[in-house]
Trainee: 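Handing you this structure, nothing more for now.
Chain A is the first sequence line, chain B the second, and so forth, proteins listed ahead of strands; every chain is numbered from 1.
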Amino acid sequence: MEKYESNNFIEEIVVNDLESGKHTDIYTRFPPEPNGYLHIGHSKSLSINFGIKEKFNGKCNLRFDDTNPTKEDVEYVDSIKEDIRWLGYEWDEELYASDYFGKMYEYAVKLIKDGKAYVCDYSAEQIRDTRGTLKEPGQESPYRNRTIEENLALFEGMKNGEFADGSKVLRAKIDMASPNMNMRDPVIYRVLRAHHHRTGDQWCIYPMYDFAHPISDAIEGITHSICTLEFEDHRPLYDWVTEACGFEKRPRQIEFARLNIKNTIMSKRYLKKLVDTGFVSGWNDPRMPTLCGMRERGYPAEAVKEFCSRVGVAKANSEVDPALLEFCVRENLNASADRAMVVENPLLMIIDNIPEGETIEFSVVDNPNSESSGTHNVILEREVYIEKTDFTLNPPPKYNRLVEGGLLRLRGAYIVRHVATEKDANGEPIAIHCEYIEDSAQGGVNAKIKVKGTVQWVGKNHAVECKLYKYDSLLKDVVDDVTDFNLRLNEDSLQVVDGAKAEPFVNAGEFGKAYQFMRSAYYKKAKVEDGKMVFYRIVSLKDSFNK
RNA sequence: AGGGGUGUCGCCAAGCGGUAAGGCAUCAGACUUUGACUCUGACAUCCGUAGGUUCAAAUCCUGCCACCCCUGCCA
């Protein structure tokens with residue numbers, strides 16, 4: 001038998017079950033309720049469930065937990081499928097809890113016949129009032145000892161629409177004195193006249209999660225039912241249901257700590273509110289921690305998966321540093337993103353020994369970190385822009401860019417020597433004069449001259465102006481008061497981008513591509529706005545100078 | 001008459017009685033036609049805490065402390 005090494009406690013359980021012969025085939029499932037979009041937190045569950053499928057050559061179903069029609073919608077099932085595909089996971093079967101409504105009804109009837117469930121006429125309030133408290137036992141319902149025949153007739157009446165919403169429920173007959181609140185005769189079916197996105201108006205009773213989930217798992221032959229920590233208390237009920245229903249092969253529920261990221265909103269309720277109130281443009285707004293938001297922002301799917309893998313799986317509540325996610329994004333983009341030059345705060349540089357109107361073309365690699373990289377041409381001319389911060393009259397210690405009389409390499413082109421500075425009334429530089437050094441381009445005899453620094457630049461007449469959206473993620477403290485969001489949206493309109501790289505951007509097919517703007521950040525081409533290209537910042541580069 | 005969980009470096013996380021892996025972050029240095037990347041080095045005498053068992057404990061036992069979850073006809 002193949003030897004497996006487990007990376008976390010869940011995989012360890014799986015390995016043990018394989019080695020002990022308890023299971024020969026592993027089956028997991030990802031069970032979202034279609035009531036919202038998937039966010040980065042879900043990717044951890046995805047990573048665990050599909051990770052086990054892939055690692056142990058097993059199967060994993062996508063099953064929508066659609067037992068509460070009042071909250072669910074097809075819009076959500078479509079988006080969930082799209083996001084899972086984006087991550088590159090392939091589910092074996094696409095199923096819905098609602099597929100089993102018929103079977104679940106039958107199992108409920110079986111429970112009644114076995115004396116393990118009863119119809120209760122209590123109102124929701126009465127049930128609450130008799131449930132007891134954390135420290136005191138509950139009281140048994142007066143309907144608890146109805147005859148099997150009566151229960152059967154009443155339950156069928158519930159199904160047939162003879163009773164008003166909320167007037168009757170089916171309860172499991174377990175133990176009103178249990179210290180576990182979930183075992184105090186939990187409701188397993190309620191009367192609810194709501195249109196279901198799949199079964200329409202066929203049903204007016206719907207099973208509760210605690211009843212539907214274990215049955216769905218068991219029917220599908222799930223071996224390991226992985227969920228989050230808050231369901232630990234439900235495990236006895238989960239086991240009770242599969243046992244009472246008489247399943248031969250009973251799945252094992254395993255719980256792990258959900259993913260939290262420092263300063264990041266993960267609550268579906270808040271995210272929905274942000275969307276509904278129009279504070280963001282939609283679920284896929286690039287500031288959102290949703291998978292589609294991150295996709296829109298330019299995060300590579302592989303980076304998200306790598307992040308989940310680095311976070312690990314355990315049972316301790318934790319908050320992961322968002323820097324880890326950004327690291328994974330940078331790591332991925334560093335290998336894949338083409339480089340482009342951009343100047344955000346331009347300072348005019350006049351290269352005196354290039355005649356007016358003359359241009360010099362240089363070929364530069366798109367991505368020096370990639371062996372299969374293509375090249376593109378950049379055009380040097382008499383007047384170019386460099387970043388304001390790349391020249392200073394008063395260099396601080398360790399400053400290695402341009403100073404008066406100093407040398408500087410224009411990336412991909414020549415080394416230039418500073419000769420003069422034009423200043424405004426306040427003594428601030430408004431333009432600098434330089435001379436390029438002959439034969440200092442790559443391969444030239446003077447190319448090896450040592451210069452302190454290399455900077456990006458754009459030709460004045462060959463640059464394209466675009467817009468940069470420097471989105472920051474929505475911050476948690478921002479939504480503490482939902483009426484007063486501060487969205488941290490910064491829009492910088494700037495002089496940009498070396499023309500050679502910019503031209504093709506207007507072709508639709510080029511959108512979505514990520515670039516590293518030299519010495520600033522990774523950006524993604526997003527759209528055209530007011531005739532200008534719009535870039536979203538994906539993530540910043542590490543910058544040890546600006547610290 | 002409460003129950004169920006968790007506590008190992010700033011943030012995650014291995015560890016399963018034999019004397020504290022790894023990653024992120026941080027700091028220092030090297031390299032560099034991106035102050036990026038890469039590379040090198042530093043970074044827990046200590047594992048919530050107090051006792052106990054043992055030749056030996058983060059790992060076993062006992063008490064205590066802290067935090068999380070549970071009183072939906074939500075999932």
Side-chain angles (χ1 to χ4, degrees), chain A residues 7-8 12 31-33 35 65-68 70-72 120 122-125 127-129 131-138 165-171 177-184 186-192 205-206 208-210 212-213 227-236 255 257 261-262 268 307 309-328 330-331 334-335 339 341 364 368-369 398-401 409-415 440-442 447 451-456 516-522 540-547:
Chain A
N7 281 328
N8 55 249
E12 190 176 324
E33 182 187 16
N35 68 346
D65 236 328
D66 55 351
T67 56
N68 182 2
T70 61
K71 291 185 175 178
E72 298 151 8
C120 182
Y122 266 169
S123 65
E125 188 181 24
I127 288 181
R128 193 188 323 124
D129 291 344
R131 188 161 14 232
T133 67
L134 295 176
K135 296 188 179 183
E136 294 158 17
D165 286 10
S167 63
K168 281 183 169 49
V169 292
L170 184 69
R171 292 228 250 169
S178 171
N180 182 343
M181 302 296 284
N182 297 302
M183 300 299 267
R184 320 244 261 229
V187 172
I188 57 178
Y189 256 100
R190 75 277 216 181
V191 179
L192 182 63
I205 56 172
Y206 291 95
M208 301 289 290
Y209 165 88
D210 283 316
H213 206 89
C227 63
T228 43
L229 248 31
E230 66 269 28
F231 291 104
E232 275 182 317
D233 288 340
H234 294 243
R235 196 188 327 131
E255 310 84 11
I261 299 179
K262 203 163 255 166
K268 215 177 257 184
F307 170 67
S309 143
R310 284 180 186 253
V311 163
V313 181
K315 295 190 72 162
N317 289 114
S318 60
E319 276 197 314
V320 177
D321 190 335
L324 179 60
L325 211 208
E326 291 178 2
F327 166 82
C328 293
R330 261 190 257 115
E331 182 186 48
N334 180 46
R339 273 57 173 168
M341 294 194 284
V364 300
N369 286 359
K398 290 191 171 181
Y399 187 84
N400 66 0
R401 284 167 280 167
R409 165 141 243 138
L410 296 180
R411 183 156 211 286
Y414 292 128
I415 294 169
S440 61
Q442 183 144 46
V451 293
K452 277 182 171 177
T454 302
V455 303
Q456 58 188 334
Q516 186 196 106
F517 284 176
M518 309 302 300
R519 288 216 358 260
S520 63
Y522 292 97
S540 292
L541 262 53
K542 272 196 175 183
D543 187 345
S544 59
F545 177 74
N546 287 330
K547 270 185 310 211

Trainee: Can you tell me whether the side chain of A:R411 and the base of B:rU33 have a donor-acceptor pair closer than 3.5 Å?
Mentor: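 Check fails, no donor-acceptor contact within cut-off.
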
Trainee: Report yes if at least one side-chain N or O of A:K542 is closer than 4.0 Å to OP1 or OP2 of B:rU26; otherwise report no.
Mentor: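 For B:rU26, OP1 or OP2 has a side-chain N or O of A:K542 closer than 4.0 Å.
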
Trainee: Using purine N1 to pyrimidine N3 plus N6-O4 or O6-N4 for Watson-Crick, or N1-O2 and O6-N3 for G-U wobble, both under 3.5 Å, which nucleotide pairs with B:rU54?
Mentor: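 Paired with no nucleotide.
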
Trainee: Using purine N1 to pyrimidine N3 plus N6-O4 or O6-N4 for Watson-Crick, or N1-O2 and O6-N3 for G-U wobble, both under 3.5 Å, which nucleotide pairs with B:rA20?
Mentor: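 When the pairing criteria are applied, nothing turns out to pair with B:rA20, so the answer is none.
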
Trainee: Once you round it to whole Å, what is the distance between P of B:rU32 and CG of A:N400?
Mentor: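 Rounded to the whole Å, the gap is 13 Å.
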
Trainee: Please determine if a side-chain N or O atom of A:R409 lies less than 4.0 Å away from the OP1 or OP2 oxygen of B:rU34.
Mentor: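 It does not, given that no N or O in the side chain of A:R409 lies less than 4.0 Å from OP1 or OP2 of B:rU34.
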
Trainee: With sequence neighbours left out, write down each residue that passes ring-ring contact (aromatic ring centres under 6.0 Å, His included) with A:Y522, or none if nothing qualifies.
Mentor: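 Applying ring-ring contact (aromatic ring centres under 6.0 Å, His included) to A:Y522 gives none.
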
Trainee: Atom CG of A:N7 and atom C1' of B:rG23: how far apart are they, to the nearest Å?
Mentor: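 For the pair A:N7 CG and B:rG23 C1', the rounded distance is 13 Å.
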
Trainee: Quantified in whole Å, what is the C1' atom distance between nucleotide B:rA21 and nucleotide B:rA13?
Mentor: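 10 Å, rounded to whole Å.
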
Trainee: Is it the case that B:rU34 (base atoms only) and A:R339 (side chain only) share a donor and an acceptor within less than 3.5 Å, ignoring hydrogens and angles?
Mentor: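 Side chain to base: pair present.
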
Trainee: How should the glycosidic conformation of B:rG72 be described, syn or anti, under the criterion that syn lies within 90° of 0?
Mentor: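 Classified syn.
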
Trainee: Rounded to whole angstrom, note down the P distance from B:rG41 over to B:rC47.
Mentor: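 Here B:rG41 and B:rC47 have their P atoms 28 Å from each other.
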
Trainee: Under a 3.5 Å cut-off for both distances, is B:rA28 Watson-Crick or wobble paired, and to whom?
Mentor: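 Partner of B:rA28: B:rU40.
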
Trainee: Check nucleotides 68-70 of chain B against the protein and report each pair of N or O atoms closer than 3.5 Å, with its distance, or say if there are none.
Mentor:
| unit_1 | atom_1 | unit_2 | atom_2 | d |
| --- | --- | --- | --- | --- |
| B:rC69 | O2 | A:D233 | OD2 | 3.4 |

Trainee: Does A:A521 have any side-chain contact (heavy atoms from CB on, under 4.5 Å) partners at least two apart in sequence or in another chain, and if so, which?
Mentor: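 A:A521 satisfies side-chain contact (heavy atoms from CB on, under 4.5 Å) with A:Y523, A:R537, A:S540 only.
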
Trainee: Please give the distance between the P atoms of B:rU6 and B:rC73 as a whole number of Å.
Mentor: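 Straight-line distance between the two P atoms is 27 Å.
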
Trainee: Taking B:rG15 as the reference, what is the distance to B:rA57 when you measure between their C1' atoms (whole Å, please)?
Mentor: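 The answer is 13 Å between these two C1' atoms.
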
Trainee: P atom, B:rA14 versus B:rU8: distance in rounded Å?
Mentor: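 The answer is 11 Å between these two P atoms.
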
Trainee: Can you tell me, in whole Å, how much space there is between the P of B:rA58 and that of B:rG3?
Mentor: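 Roughly 30 Å separates the two P atoms.
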
Trainee: Taking atom P in both B:rU26 and B:rC65, what distance in whole Å separates the two?
Mentor: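 It comes out at 39 Å once rounded to the nearest Å.
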
Trainee: Between A:T67 and B:rA75, is there a side-chain N or O to OP1/OP2 distance below 4.0 Å?
Mentor: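 Looking at the OP1 and OP2 atoms of B:rA75, one of them is under 4.0 Å from a side-chain N or O of A:T67.
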
Trainee: Distance between the P atoms of B:rC24 and B:rU40, in whole angstroms?
Mentor: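 It comes out at 12 Å once rounded to the nearest Å.
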
Trainee: My understanding is that a pair needs two contacts under 3.5 Å, Watson-Crick or G-U wobble. By that rule, which nucleotide pairs with B:rU59?
Mentor: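 By the stated definition (distances under 3.5 Å), nothing pairs with B:rU59.
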
Trainee: What is the pairing partner of B:rC46, taking Watson-Crick or G-U wobble pairs with both distances under 3.5 Å in any strand?
Mentor: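 Partner of B:rC46: none.
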
Trainee: Do the side chains of A:K268 and A:E33 get close enough for a salt bridge, i.e. N-O under 4.0 angstrom?
Mentor: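 Salt bridge between A:K268 and A:E33, a charged N being under 4.0 Å from a carboxylate O: no.
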
Trainee: A:R128 side chain N/O closer than 4.0 Å to the phosphate oxygens (OP1, OP2) of B:rU71?
Mentor: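 For A:R128, the contact criterion (side-chain N or O under 4.0 Å from OP1 or OP2 of B:rU71) is not met.
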
Trainee: With distance as the sole criterion, do the side chain of A:E136 and the base of B:rU71 form a donor-acceptor contact below 3.5 Å?
Mentor: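 Check fails, no donor-acceptor contact within cut-off.
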
Trainee: Taking CD in A:E230 as the centre, count heavy atoms belonging to other residues, nucleotides or ligands within less than 6.0 Å. Is the count above 12?
Mentor: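 Atom CD in A:E230 is crowded, with more than 12 foreign heavy atoms closer than 6.0 Å.
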
